[in-house]
Amino acid sequence: MKTGIITGCSRGIGFAIANLLTENLNYKIIGTSTSGTSPITKSNFEAYQLNLSKSDSIDNFIKKIENTKIDFLINNAGILLENWNDASINIEQLKQTFNVNLFGTIEITEKLIPNFKKDGQIVNITSDWGSFSEKNFDEFQPHYKMSKAALNMYTKLLAKRLEKQQIIVSALDPGWTQTDMGGNEASRKPNDVATDVRNLITNNSKSGYFWHQGNIREW
């Protein structure tokens, strides 16, 4: 049985990933949400409370799972606070966004590294908006874009650092997806992204790359 942790499982992409993987009884999924609940009620799924902006919450989560050995970690939880047409910098929003999308994500990842089995995988859900190769680049959503760009760099650095431990580290660009963040007009559905993630953790043997719909894309 493979055991994995997925952050942000109460809705959207995180829910879709957890729901898809738990269809296979060979997977045990530990999911997180800020409330500690999830609509998923399957026997091979457990939900825990986790607020990535608070170190105490991260430590409490680590204590609850104790020495559970894991095969993969999907860092999905993230926030976008600014309006889509806002290009201004709001320092408080910038700090809040980095606390969840970057600092909290890094903190939980670092604290979970001792729990990984050999040939484990870490997948950071980032964004085209965090890339330097975005085709339709504009000045909007600055806090979110900067946080995801920094998470992409962390992905590359961590992949290099964990080479000897044979842990594969990847970033995944889900594309424009129908979530609370992406809106109903988005071209992709959460289940599409969930399938991408399942394929990545099942077939991936290359560490330190940025993936989109099964292909390596530019950073």
Side-chain angles (χ1 to χ4, degrees), residues 5-17 31-38 47-62 73-112 122-158 170-188 190 193 197 210 212 217 219:
I5 295 173
I6 305 171
T7 64
C9 280
S10 62
R11 61 185 186 274
I13 291 173
F15 169 81
I17 298 169
T32 78
S33 67
T34 54
S35 66
T37 62
S38 170
Y48 291 89
Q49 193 277 334
L50 176 65
N51 184 337
L52 287 175
S53 67
K54 298 182 181 297
S55 289
D56 288 349
S57 180
I58 294 172
D59 289 337
N60 287 336
F61 172 75
I62 297 295
L73 167 65
I74 311 298
N75 283 315
N76 163 76
I79 58 173
L80 189 157
L81 300 177
E82 62 261 51
N83 294 325
W84 278 38
N85 60 350
D86 190 354
S88 63
I89 298 294
N90 178 306
I91 294 300
E92 287 306 313
Q93 285 189 350
L94 181 64
K95 290 178 179 178
Q96 290 177 50
T97 302
F98 267 68
N99 281 339
V100 174
N101 293 2
L102 184 67
F103 301 140
T105 297
I106 291 175
E107 184 173 354
I108 193 168
T109 301
E110 294 293 324
K111 289 178 176 177
L112 284 171
I122 298 169
V123 179
N124 295 322
I125 306 296
T126 65
S127 176
D128 180 48
W129 278 357
S131 74
F132 283 86
S133 59
E134 183 188 358
K135 294 180 180 179
N136 299 310
F137 181 78
D138 57 37
E139 71 273 30
F140 303 114
Q141 309 93 27
H143 315 126
Y144 183 83
K145 287 177 176 177
M146 286 190 284
S147 71
K148 292 299 187 178
L151 185 57
N152 279 343
M153 178 55 74
Y154 175 64
T155 301
K156 293 193 69 174
L157 291 166
L158 188 62
S170 308
L172 185 136
D173 164 21
W176 188 23
T177 307
Q178 294 176 17
T179 63
D180 290 348
M181 186 182 297
N184 294 329
E185 301 300 318
S187 56
R188 306 198 78 206
V193 183
V197 172
F210 194 10
H212 176 62
R217 58 153 296 166
W219 294 99

Novice: Can a donor-acceptor pair be found, under 3.5 Å and without considering hydrogens, that links the side chain of T34 to the backbone of L50?
Specialist: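 It does not hold such a pair.
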
Novice: Write down the atom of S147, the atom of N101, and the distance for their closest heavy-atom approach.
Specialist: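 Closest heavy-atom pair between S147 and N101: OG-ND2, 3.1 Å.
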
Novice: Report the distance from atom CD1 of I91 to atom NE2 of H143, rounding to the nearest 0.5 Å.
Specialist: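 That separation rounds to 7.0 Å.
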
Novice: For the residue pair G12 and P190, what are the closest heavy atoms and their distance?
Specialist: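 Minimum heavy-atom separation between G12 and P190: O-CB, 3.9 Å.
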
Novice: Which pair of non-hydrogen atoms, one from R217 and one from S131, has the smallest distance, and what is that distance?
Specialist: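 Where R217 meets S131 most closely, the heavy atoms are NH2-OG, 3.1 Å.
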
Novice: Ignoring hydrogens, what is the shortest heavy-atom contact between N152 and G130? Give both atom names and the distance.
Specialist: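 Result for this residue pair: ND2-O, 3.2 Å.
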
Novice: Has the side chain of D138 got a donor or acceptor atom that lies under 3.5 Å from a matching backbone atom of F140?
Specialist: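 Present.
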
Novice: If you look at every heavy atom in Q49 and S57, which pair is closest and at what distance?
Specialist: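 Closest heavy-atom pair between Q49 and S57: OE1-OG, 3.3 Å.
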
Novice: Regarding S53 and Q96, is there a side-chain donor-to-acceptor distance under 3.5 Å anywhere?
Specialist: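 Side-chain D/A pair, S53 to Q96: absent.
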
Novice: Judged by atom type as modelled, is there a donor-acceptor pair below 3.5 Å linking the side chain of K148 to the main-chain atoms of I125?
Specialist: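 Checked: pair present.
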
Novice: Kindly say whether A77 contributes a backbone atom to a donor-acceptor pair with the side chain of T7 at under 3.5 angstrom?
Specialist: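 Looks like yes, one N/O pair under 3.5 Å.
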
Novice: Quick one: does any side-chain atom of N83 pair with a main-chain N or O of N85 as donor and acceptor, under 3.5 Å?
Specialist: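 Not a single qualifying donor-acceptor pair exists.
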
Novice: Would you check if the side chain of E82 reaches a backbone N or O of Q93 as a donor-acceptor pair within less than 3.5 Å?
Specialist: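 No; judged by distance alone, with no hydrogens or angles, the pair does not exist.
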
Novice: Measuring only between side-chain heavy atoms, which start at C-beta, is V193 closer than 4.5 Å to L172?
Specialist: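 Yes, their side chains come closer than 4.5 Å.
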
Novice: When you measure from the side chain of T32 to the backbone N and O of G8, does any donor-acceptor pair fall under 3.5 Å?
Specialist: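 Answer holds: yes.
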
Novice: Name all residues meeting the ring-ring contact (aromatic ring centres under 6.0 Å, His included) criterion together with F98; count only those two or more places apart in sequence or in a different chain, and write none if there are none.
Specialist: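 For F98 the ring-ring contact (aromatic ring centres under 6.0 Å, His included) partners, ignoring immediate neighbours, are F103.
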
Novice: Looking only at heavy atoms, which two atoms of F15 and S10 are closest? And how far apart?
Specialist: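 The answer is CB-C, 4.1 Å.
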
Novice: Taking atom CD1 of I6 and atom CD1 of I17, what is their separation to the nearest 0.5 Å?
Specialist: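 Answer for the CD1-CD1 pair, I6 versus I17, is 5.5 Å.
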
Novice: Cation-pi check for F137 against K145: NZ or CZ below 6.0 Å from the six-membered ring centre and within 45 degrees of the axis, yes or no?
Specialist: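 Judged by the rule (NZ or CZ under 6.0 Å from the ring centre, within 45° of its axis), K145 counts as positioned above F137.
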
Novice: Near K111 NZ, under 6.0 Å, is it more than 12 heavy atoms from other residues, nucleotides or ligands?
Specialist: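 Counting other residues, nucleotides and ligands, NZ of K111 exceeds 12 neighbours.
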
Novice: Do N75 and T109 have side-chain atoms, one donor and one acceptor, less than 3.5 Å apart?
Specialist: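 Side chains of N75 and T109: pair found under 3.5 Å.
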
